[in-house]
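The structure appears below as structure tokens.
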Amino acid sequence: MLSFLYARQSGLDDPVRLRRAESTRRVLSLELNHNRDVDRIHGNGINTLDIEVIDGRYMLSGGSDGVIVIYDLENNSKKPQYTCKAICTVGRSVCRHVHKFSVETVQWYPHDTGMFVSSSFDKTMKVWDTETLKPAEEFQFDGNVYCHHMSPVARKHSLVAVGTKDPKVQLCDLKSGSRIHILQGHRGEILSVRWSPRYDHILATASTDSRVHIWDVRRASGSLFTLDQHNGDKSKTSSEAVNTAHNGRVNGLCFTADGLHLLTTGTDDRMRLWNSATGENTLVNYGKVVNESRKGLKFTVSRGCSPEFVFVPCGSSVAVYGLHSGELITMLRGHYNNVDCCEFHPDYQELYSGGKDCNILAWVPVLRQPDIEDEETNSKRGGTHAAINPAFEDAWSSDED
């Protein structure tokens, strides 16, 4: 790392390269932090986590007990050992506003921490006022709600995509408080929905019918295309005639931060990386990615690293893969039961995971002491690059966008 600092100081390197290299180093050194606890509030498994992007300070969690919790991640005590306190809890009361059954998805409003949205197996999606902890709006559906998602970049619309037991994808408008459109094309329950972080009109949806549709919500003519794991291979058998992304339920979707690629997970124990513009299967081989979830699987991708990494719940561990190499980097072990969700904090390159053991664990980069030999070598060379571990080499160049 000193070689990067010397190169930056002497003007040989772009500041972005230094930032990417340090972010990559931090992700590669993630370990369970025994000095940081997260208040244990949930009485049942934790299904979903979300960290707001405005301050990067507050985290939402939703559990199978119907409870929603807001945590303050900041270390107010300034001591090495501290607990992320639960500052608000919604649930475990006779209040008519609370969810009656399992909360499957929670999400902060992308542009303001004054609002968040939750969806549940009680067939509702609620829009909450953070100050009053009361719903400002409530949407009722005919079946269990598995997932919802708001666009992180939309300014021209305030649509929430909702996946339920019904094969039709619902689009709800926060401004009007009504369901304004449905997207038809799936033949099974909708287990995951994700808006593109690049274009506010592009939506990906995944279903129990083994398919993933990519939609342009400005069009009324249906999906743009359906992902095909065989990339249009004409030698497919008649049973494979319909484009499928997986050979089982597709229960997880995640775009890369630049929106250029889409990751999918399925109960065929496979994870696939797709070109989100063309729908082409990049054929990156991640090996067997154990996936027994009958509901949506919440996994995440790093941001600001080179190369980027994928964090996927895998049994009682979180598997870390190289995004484009498919290499299994490490397994983060610490939970006592299955992990159902994880959330990456891009400001600090930290990871939070939640599982059926009712715990939220914090995975934090381990600080590396400067290497004396590295320092001496750089001094002798007058601050030029020293040899570094290939794992910390940065593949990014200023020619790339």
Side-chain angles (χ1 to χ4, degrees), residues 38-39 41-54 58-72 86-152 158-166 169-175 177-179 189-195 252-253 295-298 300 340-343 352 354-355 358 360:
V38 180
D39 267 350
I41 303 296
H42 292 280
N44 214 323
I46 297 162
N47 298 323
T48 172
L49 298 170
D50 191 43
I51 300 173
E52 49 87 13
V53 298
I54 307 300
Y58 300 106
M59 180 173 70
L60 283 167
S61 70
S64 298
D65 52 3
V67 173
I68 300 170
V69 185
I70 301 177
Y71 301 91
D72 186 349
I87 56 175
C88 299
T89 302
V90 181
R92 290 181 180 168
S93 72
V94 294
C95 174
R96 60 186 177 87
H97 301 303
V98 302
H99 284 294
K100 296 178 177 60
F101 301 117
S102 175
V103 175
E104 294 300 304
T105 309
V106 290
Q107 185 188 6
W108 288 103
Y109 183 62
H111 311 299
D112 184 4
T113 56
M115 186 169 74
F116 64 90
V117 181
S118 65
S119 53
S120 166
F121 273 6
D122 64 7
K123 306 179 183 180
T124 67
M125 180 178 73
K126 299 176 189 282
V127 183
W128 299 85
D129 183 321
T130 310
E131 289 293 325
T132 64
L133 291 182
K134 292 181 179 178
E137 194 66 61
E138 182 174 321
F139 296 86
Q140 295 277 350
F141 300 92
D142 294 331
N144 293 348
V145 183
Y146 289 105
C147 55
H148 73 266
H149 194 237
M150 292 176 282
S151 169
S158 54
L159 298 178
V160 185
V162 185
T164 70
K165 208 171 181 67
D166 192 301
V169 180
Q170 313 274 342
L171 295 182
C172 301
D173 187 6
L174 294 182
K175 288 182 179 177
S178 60
R179 284 182 275 175
E189 301 169 348
I190 310 299
L191 298 181
S192 186
V193 293
R194 273 292 183 275
W195 291 95
L253 295 171
K295 304 187 292 184
L297 187 71
K298 277 79 173 181
T300 188
D340 287 325
C341 57
C342 55
E343 182 71 11
Y352 291 85
C358 308
I360 298 176

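Looking at heavy atoms from C-beta onward, Thr113 lies out of side-chain contact with Thr130 at the 4.5 angstrom threshold. Under the 4.5 Å side-chain criterion, counting only non-hydrogen atoms from C-beta, Val117 is in contact with Met125. Inter-residue side-chain proximity for Val90 and Trp128 is flagged as met; some heavy-atom pair is nearer than 4.5 Å. With contacts defined as side-chain heavy-atom distances shorter than 4.5 Å, the pair Tyr58/Asp72 qualifies.
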Quick one, Asn47 with Glu104, criterion side-chain contact (heavy atoms from CB on, under 4.5 Å). Give me CA distance, side-chain angles, the key distance, then yes/no. CA-CA 6 Å; Asn47 298 323; Glu104 294 300 304; 3.4 Å; yes
The test is side-chain contact (heavy atoms from CB on, under 4.5 Å); show your working for Phe141 and Val162 and say whether it passes. CA-CA 10 Å; Phe141 300 92; Val162 185; 3.8 Å; yes
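Atom CG of Asn144 is separated from atom OG of Ser119 by 10.5 Å, given to the nearest 0.5 angstrom. Atom NE2 of His42 is separated from atom CD1 of Ile360 by 5.5 Å, given to the nearest 0.5 angstrom. Atom OH of Tyr146 and atom CD of Glu189 lie 3.5 Å apart (nearest 0.5 Å). Separation of atoms CG (Leu159) and SG (Cys172) is listed at 9.0 Å; rounding is to 0.5 Å. Atom CG of Asp340 is separated from atom CG of Leu49 by 10.0 Å, given to the nearest 0.5 angstrom. To the nearest 0.5 angstrom, Ile68 atom CD1 is 7.5 Å from Leu60 atom CG.
Among Lys126, His99, His148, the single residue meeting the side-chain hydrogen bond (donor to acceptor under 3.5 Å, both in side chains) criterion with Ser118 is His99.
A donor-acceptor pair is defined here as one N or O able to donate and one able to accept, closer than 3.5 Å; no such pair exists between the side chain of Ser102 and the backbone of Gly66. Between the side chain of His149 and the backbone N or O of Trp195, at least one donor-acceptor pair lies under 3.5 Å. Side-chain atoms of Lys165 do not come within 3.5 Å of backbone N or O of Lys123 as any donor-acceptor pair. Checking side-chain atoms of Thr300 against main-chain N and O of Glu343 turns up no donor-acceptor pair under 3.5 Å. Asp39 places no side-chain N or O within 3.5 Å of a backbone atom of Ile41 that could act as its donor or acceptor partner. Under the 3.5 Å distance criterion, the side-chain polar atoms of Ser64 are left unmatched by any main-chain donor or acceptor of Asn44. Between the side chain of Arg179 and the main chain of Gln140, a donor-acceptor pair closer than 3.5 Å is present.
Gly45 and Cys358 make their closest contact through N-SG, 4.2 Å (heavy atoms, listed as atom of the first residue, atom of the second, distance). Taking all atoms of both residues into account, the shortest heavy-atom contact from Tyr71 to Ser61 is CE1-OG, 3.2 Å. Taking all atoms of both residues into account, the shortest heavy-atom contact from Val145 to Phe121 is O-CD1, 3.7 Å. Leu133 and Ile70 get closest at one heavy-atom pair: CD2-CD1, 4.4 Å. Nearest heavy-atom pair across Val69 and Ala86 is CG1-CB, 3.6 Å.
In summary, the side chains of Asp166 and Thr164 do not present any donor paired with an acceptor at a separation below 3.5 Å, with no hydrogens or angles considered. Judged purely by distance below 3.5 Å, without hydrogens or angles, the side chains of Asp173 and Ser158 pair a donor atom with an acceptor atom.
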